[in-house]
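Counting from 1, the numbers follow the sequence of the chain as shown. For the numbers below, each heavy atom of this structure counts, side chains included, while hydrogens, waters and symmetry mates do not. Each ligand, and each atom within it, is numbered from 1 in the order the structure gives.
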Amino acid sequence: MRIDVVTLFPEFVRQCAEIGVVGRAQRRGLLQVATWNPRDFATDAHRTVDGRPCGGGPGMVMRIEPLRTALAAMRQADPAPAHVIYLSPQGARLTQGRVAALAGMPRIALLCGRYEGVDERLLAHEVDEELSIGDYVLSGGELAAAVLIDAVGRLQEGALNDAQSATQDSFTDGLLDCPHYAKPLHDPYGDVPAVLQGGDHAAIRRWRLKQSLGRTWLRRPDLLSQCVLDEESRALLDEFRREYLASRVP
Ligand code: 4HQ
């Protein structure tokens, strides 16, 4: 897939997308990231991209014209239609479900705001969807764009090794991940759970599912209430609950 990013900090966004699994996806030709700097499209002598907010108030607002021209250049570079996303705290929360849907699109474009944000008229005319990576305030949309590129890039077919298969990720089934261990089996910090030391793969699968269910129950009950649990999962969660509550009796 192709991801175009409109940003005042193109080197930062490109560097974020060059490391690890996502960098490898780019080198494998599974993902193309292109950047467009609105400053390159400003026409005045000072290459101005921002203006004072109409009606007064603090800070600056990104002006329409450099963004409109940058987006036009982006569209001209490739005629394939792009799904345009504006990153902001006013957007719908980015979830793994939304990430998976975006990962299946042939082309998305990410608009990164700085200052107080972007002129609302540009957003109304150019943006298809507004997304937030969480309820906190960043100094610009670049980190949010980098988060989205990372989450979407790693889902490109062939980006992950077999061992990293995305089908076992947290949230893919609506549950948190189970605990993970590596050698040594025995350490001053504790032992690897006995079931993981043996080769009973059915028992290991059940243990991991039980831990996922239990951790989701303890840490993210909001997620668990969205899940439909089959009979096995309900039984494993009951078991976890009983053991957990018994272990807490004084
Ligand atoms: N910002 N999720 C304000 C964010 C943000 C977020 C990006 C700060 C846009 C104008 N973006 N600018 N949270 O805090 O996506």
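Note: an N/O pair closer than 3.5 Å links Tyr136 and ligand 1 by distance alone. An N or O contact shorter than 3.5 Å links Ile133 to ligand 1 by distance. When only interatomic distances are considered, the shortest N/O to N/O separation between Gly141 and ligand 1 does not fall below 3.5 Å.
When heavy-atom distances to ligand 1 are checked against a 4.0 Å cut-off, Ser132 comes that close through both its backbone and its side chain.
Residue contact check: Gly140 has heavy atoms under 4.0 Å from atoms 7 (C) of ligand 1. Each of the atoms 11 (N), 15 (O) of ligand 1 lies under 4.0 Å from some heavy atom of Ala144. Every atom of ligand 1 with a heavy atom of Gly134 under 4.0 Å away is listed here by number and element: 13 (N). Which parts of ligand 1 touch Tyr86 is read off a 4.0 Å heavy-atom cut-off, strictly below it: atoms 10 (C). Within ligand 1, counting atoms from 1 as listed, the ones closer than 4.0 Å to a heavy atom of Val137 are 14 (O). The ligand atoms of ligand 1 that sit less than 4.0 angstrom from a heavy atom of Gly117 are 10 (C).
Looking only at distances, a side-chain donor or acceptor of Gln156 sits under 3.5 Å from a matching main-chain atom of Ala103. Panel note: side chain Gln26, backbone Ala17; a donor-acceptor pair is recorded below 3.5 Å.
Taking the six-membered ring where tryptophan is involved, the planes of Phe240 and Trp217 are perpendicular, since the angle between them exceeds 60° and thus also 30°.
Under the 4.5 Å side-chain heavy-atom criterion for Ile, Leu, Val, Met, Phe, Trp and Tyr, Val152 and Val147 are members of the same hydrophobic cluster.
For atom 3 (C) of ligand 1, the nearest protein heavy atom (residue, atom name, distance) is Leu138 O, 3.9 Å. Closest to atom 1 (N) of ligand 1 among all protein heavy atoms lies Pro89 CD, 3.7 Å. Regarding atom 9 (C) of ligand 1, its nearest protein heavy-atom neighbour is Leu87 O, 3.3 Å. Ranking protein heavy atoms by distance to atom 12 (N) of ligand 1, first place goes to Gly113 O, 3.9 Å.
Judged by distance alone, the side chains of Arg93 and Ser132 never bring a donor and an acceptor atom under 3.5 Å apart.
Atom CG of Leu31 is separated from atom CZ of Arg2 by 11.0 Å, given to the nearest 0.5 angstrom. Put simply, OG on Ser170 and CZ on Arg220 are 10.5 Å apart, with the number rounded to the nearest 0.5 Å.
Using a cutoff of 4.0 Å between basic side-chain nitrogens and carboxylate oxygens, Arg68 and Glu65 are scored as salt-bridged. For the pair Glu243 and Lys210, the salt-bridge criterion is met [side-chain N within less than 4.0 Å of a carboxylate O].
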